[in-house]
**Q** 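I am attaching a structure below and will ask some questions about it afterwards.
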Amino acid sequence: MKKLVIFDLDGTLLNTIADLAAAANYALQQLGYPTHPVDTIRTYVGNGINKLLERSLPEAERNEENVLRMRGHFVPYYDKHNADLSCPYPGIVALLEELQHRGVMIAVASNKYQTATAELVKHYFPTVDFIEVLGQREGIAVKPNPTIVFDILKKAKSLQEEVLYVGDSGVDMQTAINSGVDAVGVTWGFRPKAELESFCPKGIIDTANELLAFI
């Protein structure tokens, strides 16, 4: 039996793409760069905010200085507007409450910066008692580096075989592999099913309720 379920945030628990796209396009506009449709921004997410901003820039403008300039516009805007259009995916709130009812520990491991990760989890899931909520922290490598998972395991005092990692992207599946824990991919997120299948996870699900079969 799994005693701990670790969830990715964007594309897994929350559909945040419209607010991420709005913030990225706002930053691009402020610096005079062309903007992108939401479906294009969708292909840029998964590796943290800095990588999203780098991918959003014109190819010839992708350097550290411009990423930092964009971040200076993106973060204040996103902090104010990160809940304008975002929402939990269907069945997610009920799933989290059922896991909690069963005594399963729940955690979040995100590549979104820490303050926004914590704020969104608190805003959308106020009735859920997460054992840990971790986003991208200064000086800590982002997923698929396994550090974030190991930090959660330490807090939960859980063994790897007791853990299920749930995410919507290849980055998430690779994170689970690097961490030595079982993974389940979800098809309702930002990345195509074929990407998940290429990592041969323990399972791939189309609805939130299906996750209970893997616990």
Side-chain angles (χ1 to χ4, degrees), residues 6-90 92-93 107-126 128 130 132-145 148 166-172 175 186-192 195:
I6 302 173
F7 290 93
D8 171 53
L9 184 63
D10 300 79
T12 301
L13 294 179
L14 294 177
N15 185 352
T16 55
I17 194 61
D19 288 328
L20 287 168
N25 282 330
Y26 172 81
L28 289 166
Q29 286 177 325
Q30 297 309 299
L31 298 179
Y33 294 122
T35 58
H36 304 286
V38 172
D39 282 344
T40 300
I41 297 289
R42 188 188 307 273
T43 67
Y44 296 161
V45 301
N47 297 92
I49 296 300
N50 282 6
K51 185 59 68 172
L52 162 62
L53 301 180
E54 177 187 325
R55 291 166 175 163
S56 299
L57 285 162
E59 189 170 352
E61 301 295 322
R62 294 175 184 173
N63 56 59
E64 184 177 359
E65 179 183 355
N66 283 337
V67 168
L68 291 176
R69 290 171 66 213
M70 276 196 70
R71 190 179 177 102
H73 293 289
F74 178 98
V75 171
Y77 182 93
Y78 190 69
D79 283 345
K80 292 180 180 178
H81 299 281
N82 59 27
D84 286 0
L85 300 171
S86 297
C87 62
Y89 285 101
I92 287 295
V93 173
V108 170
S110 176
N111 274 346
K112 187 191 296 291
Y113 58 97
Q114 177 64 38
T115 54
T117 298
E119 178 183 329
L120 286 169
V121 169
K122 182 179 180 180
H123 177 78
Y124 285 106
F125 309 112
V128 180
F130 292 89
E132 187 68 284
V133 176
L134 294 181
Q136 186 271 319
R137 297 158 290 162
E138 189 69 29
I140 306 295
V142 298
K143 300 182 298 184
N145 183 285
I148 192 170
V166 184
D168 71 303
S169 71
V171 170
D172 292 311
T175 301
V186 305
T187 61
W188 56 76
F190 300 160
R191 311 299 296 169
E195 180 175 308

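Just the heavy atoms: all of them, side chains too, but no hydrogens, waters or symmetry mates, feed the values below. None of the values given here were measured: they were computed from a predicted structure.
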**Q** Apply side-chain contact (heavy atoms from CB on, under 4.5 Å) to F7 and V186, showing your working.
**A** CA-CA 11 Å; F7 290 93; V186 305; over 6 Å; no
**Q** Between D8 and K143, is there a side-chain N and carboxylate O pair less than 4.0 Å apart?
**A** yes
**Q** Would you mind writing out the side-chain donor-acceptor pairs for residues 68-78 within the sub-3.5 Å range, not counting sequence neighbours?
**A**
unit_1, atom_1, unit_2, atom_2, d
R69, NH1, N66, OD1, 2.8
R71, NH1, N50, OD1, 2.7
Y78, OH, K112, NZ, 2.6

**Q** Tell me every residue that passes side chain to side chain donor-acceptor pair (under 3.5 Å) with Q114, counting only those two or more places apart in sequence or in another chain.
**A** none
**Q** Can you list everything that forms a side chain to side chain donor-acceptor pair (under 3.5 Å) with E132? Sequence neighbours excluded, please.
**A** none
**Q** Mind checking what makes side chain to side chain contact (heavy atoms under 4.5 Å, CB included) contact with K122, not counting sequence neighbours?
**A**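 If we apply the side chain to side chain contact (heavy atoms under 4.5 Å, CB included) test to K122, skipping adjacent residues, there are no hits.
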**Q** Where the side chain of Y124 meets the backbone of S86, is there a donor-acceptor pair that is under 3.5 Å apart?
**A** yes
**Q** Are any side-chain N or O atoms of N15 and backbone N or O atoms of Y89, one a donor and one an acceptor, separated by less than 3.5 Å?
**A** no
**Q** Who pairs with R62 by salt bridge (Lys or Arg N to Asp or Glu O under 4.0 Å), at least two apart in sequence or on another chain?
**A**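 For R62 there are no salt bridge (Lys or Arg N to Asp or Glu O under 4.0 Å) partners, ignoring immediate neighbours.
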**Q** Taking G170's backbone N and O only, do any of them form a donor-acceptor pair with E195's side chain (distance below 3.5 Å, no angle check)?
**A** yes
**Q** Quick one: which residue pairs count as a salt bridge (Lys or Arg N to Asp or Glu O under 4.0 Å) with a foot in residues 18-41, not counting sequence neighbours?
**A**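 The answer is D39-R42.
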**Q** What do you reckon, are the aromatic ring centroids of H36 and Y44 less than 6.0 Å apart?
**A**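 Between Y44 and H36, which both carry aromatic rings, the centre distance is below 6.0 Å.
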